[in-house]
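Taking it in order: structure first as C-alpha cells, then the write-up.
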Protein chains: 2
Amino acid sequence: MGLMTQTRWLDEREKAAWRGFLEASHRVERRLEQQLKEESGLSHPQYEVLVLLADAPGRELRMTELAHALITSKSGLTYQVGQLEKRGYVRRRSCPTDVRGIFAQLTDEGYEALREAAPGHVAAVREALIDVLEPDELTVVAEALSRVGHRLR
Amino acid sequence: MGLMTQTRWLDEREKAAWRGFLEASHRVERRLEQQLKEESGLSHPQYEVLVLLADAPGRELRMTELAHALITSKSGLTYQVGQLEKRGYVRRRSCPTDVRGIFAQLTDEGYEALREAAPGHVAAVREALIDVLEPDELTVVAEALSRVGHRLR
DNA sequence: AGTTCATCCTTCAAATTTGAACAACACCGC
DNA sequence: GCGGTGTTGTTCAAATTTGAAGGATGAACT
C-alpha cells in the first residue's frame, strides 16, 4: 500500500460496471429472499443448503464442504443447519471414517419442501436475472462472472 | 402460482450464469468487506454511506434517500449512521422544510477517512472485479446488470 | 379547520452473522 | 509410536440486520 504512488481510479465505464454489479447483486438477493420467505418460509441460505444436499450423492455432504460451497462461515452454517434440523428437513449423521466429521443429510421432508419451493424460486430467478438478459449477454455474464468467482478462491 | 402448469427450468447455460452471478457477488462482497475492515476499520455499508454523502450537494442527504440508494432498510440505516456518528464521521442535522426529516452530513473527519480508505478500496475493486473483465465484457456486464438493477425498483 | 392517508425516522425484540476460542481428532514425518 | 501441525464442528458473546410498531408530521381534499 505504501508503495503505491498513484491510484488508478475508475473511469465512467468502470464505475458503471461496478455500480451495476453492486446494485444488481443487492436487489436480486433481496428479491429472492422475499420470494422464498413468502412462498416457502425458507431463507435463501436455507434453500441453497437444500439444493446442494439434493444434488449430492446420498443426499448428504460434510459440514465443511457445505460451508465452502455456500461461501459462508462455519458457525453460520452450524446455525442454519440447526434451523433446518428443527424443521425436520435435514438430519445430522456422524462420519464413519472421521470421528470429527458430520454429514448433513436431506430428509424426505426436506426433499419434498425443496420440490415445492423450487418452481417459485426458479420463476423468480428468471424474472429477476435470467430473462432480463439477452442470449449473448447471458453467455458473457456467465463466462465473466464465473472467472471472477474462481479468482477469489 | 397455481396457474402455472409447467416450470421453465434453467438449462445448463442459464444455470451457469445464475451460479456465476451468485458466487461472484458473494465472494466479491466478502473480499471487499475484509479489505475495508482490515485497512480502514470500516464496513462496506459504512463506506458506501461516506461515498454517497461525499458526492451529494452540501455533503448531506436525507435518511430516506440514503436508505434507498443503499438498498437497505430504514432501521438498518439508522443503525449504521449511528455508528458513523459515534466515530465523528457523520453528523445529523434536522431538515428546515420538514420537521420529520433528518439530514446525514459528512464531517471533515469523515471526508478525511474516506480519502484515506478510497485508494485501497478501489484497488480491491479492480483486483476482484474490474481488472478481471476484458474490455468488451466490462461493457456488456455494465449494460446488462444495470438493466437488472433498474427492473427491480 | 377537520379528516384521511402517506411519509419520516426511530425504537424494540427477534433472527441472523461473524470471528475467536475451544476440544477432539486426523495426518505426517521422524 | 510420538510430537507437531492442521482440521473439524460447535459454542459463545458481540455486532448487525430485519420487520413490525409507533409517534409525529406533511399533503391533499372537503
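The structure displayed is predicted, hence computed values, not measured ones. Throughout, protein chains are lettered first and strands after them, A, B, ... in sequence-line order, and every chain is numbered starting at 1.
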DNA chain D: Lys74(B) or Tyr79(B), which has the more 5' nearest nucleotide? Tyr79(B)
Think Arg62(A) has a side-chain N or O under 4.0 angstrom from the OP1 or OP2 of dT7(D)? no
Give a yes or no on whether a salt bridge exists between Arg93(B) and Glu85(B), defined as a side-chain N under 4.0 angstrom from a carboxylate O. no
Calculate the interatomic distance between His44(B) atom NE2 and dT18(C) atom P; express it in whole Å. 15 Å
Look only at the side chain of Arg91(A) and the backbone of Phe103(A), and say whether a donor-acceptor pair between them is shorter than 3.5 Å. no
Separation of dT16(C) P from Arg30(A) CZ (nearest whole Å): 15 Å
Looking at Arg87(B) and Glu109(B), is any side-chain nitrogen of the basic one under 4.0 Å from a carboxylate oxygen of the acidic one? no
Base of dG19(C), side chain of Ser75(A) - is there a donor-acceptor contact under 3.5 Å? yes
Presence of Gln83(A) side-chain N/O under 4.0 Å of dT16(C) phosphate oxygens OP1/OP2: yes
For the backbone of Ala142(A) and the side chain of Arg13(B), can you confirm whether one donor and one acceptor N or O come within less than 3.5 Å of each other? no
Can you tell me how far C1' of dT16(D) sits from NZ of Lys37(B), to the nearest Å? 9 Å
Output the rounded distance in Å from CD (Glu48(A)) to P (dT16(C)). 16 Å
For a quick check of understanding: with a heavy-atom distance under 4.0 Å over all strands, which category does Thr72(A) fall into, base, sugar-phosphate or nothing? sugar-phosphate
Please determine if Glu127(A) and Arg31(A) form a salt bridge, counting it only when a charged side-chain N lies under 4.0 Å from a carboxylate O. no
Side-chain N or O of Ser73(B) less than 4.0 angstrom from OP1 or OP2 on dG19(D)? no
Please state whether the base of dC8(C) and the side chain of Arg100(B) form at least one donor-acceptor pair under 3.5 Å? no
Specify the separation, in whole Å, of atom NE2 of His68(A) and atom C1' of dT8(D). 10 Å
Starting at CD of Glu33(B) and ending at C1' of dT18(C), how long is that distance when rounded to a whole Å? 10 Å
Atom CD of Gln80(A) and atom C1' of dT10(D) are separated, to the nearest Å, by 15 Å
Scan Gly101(B) against the nucleic acid and name what it touches under 4.0 Å (heavy atoms): base, sugar-phosphate only, or nothing. sugar-phosphate
Met63(B) CE - dC8(C) P separation (whole Å): 12 Å
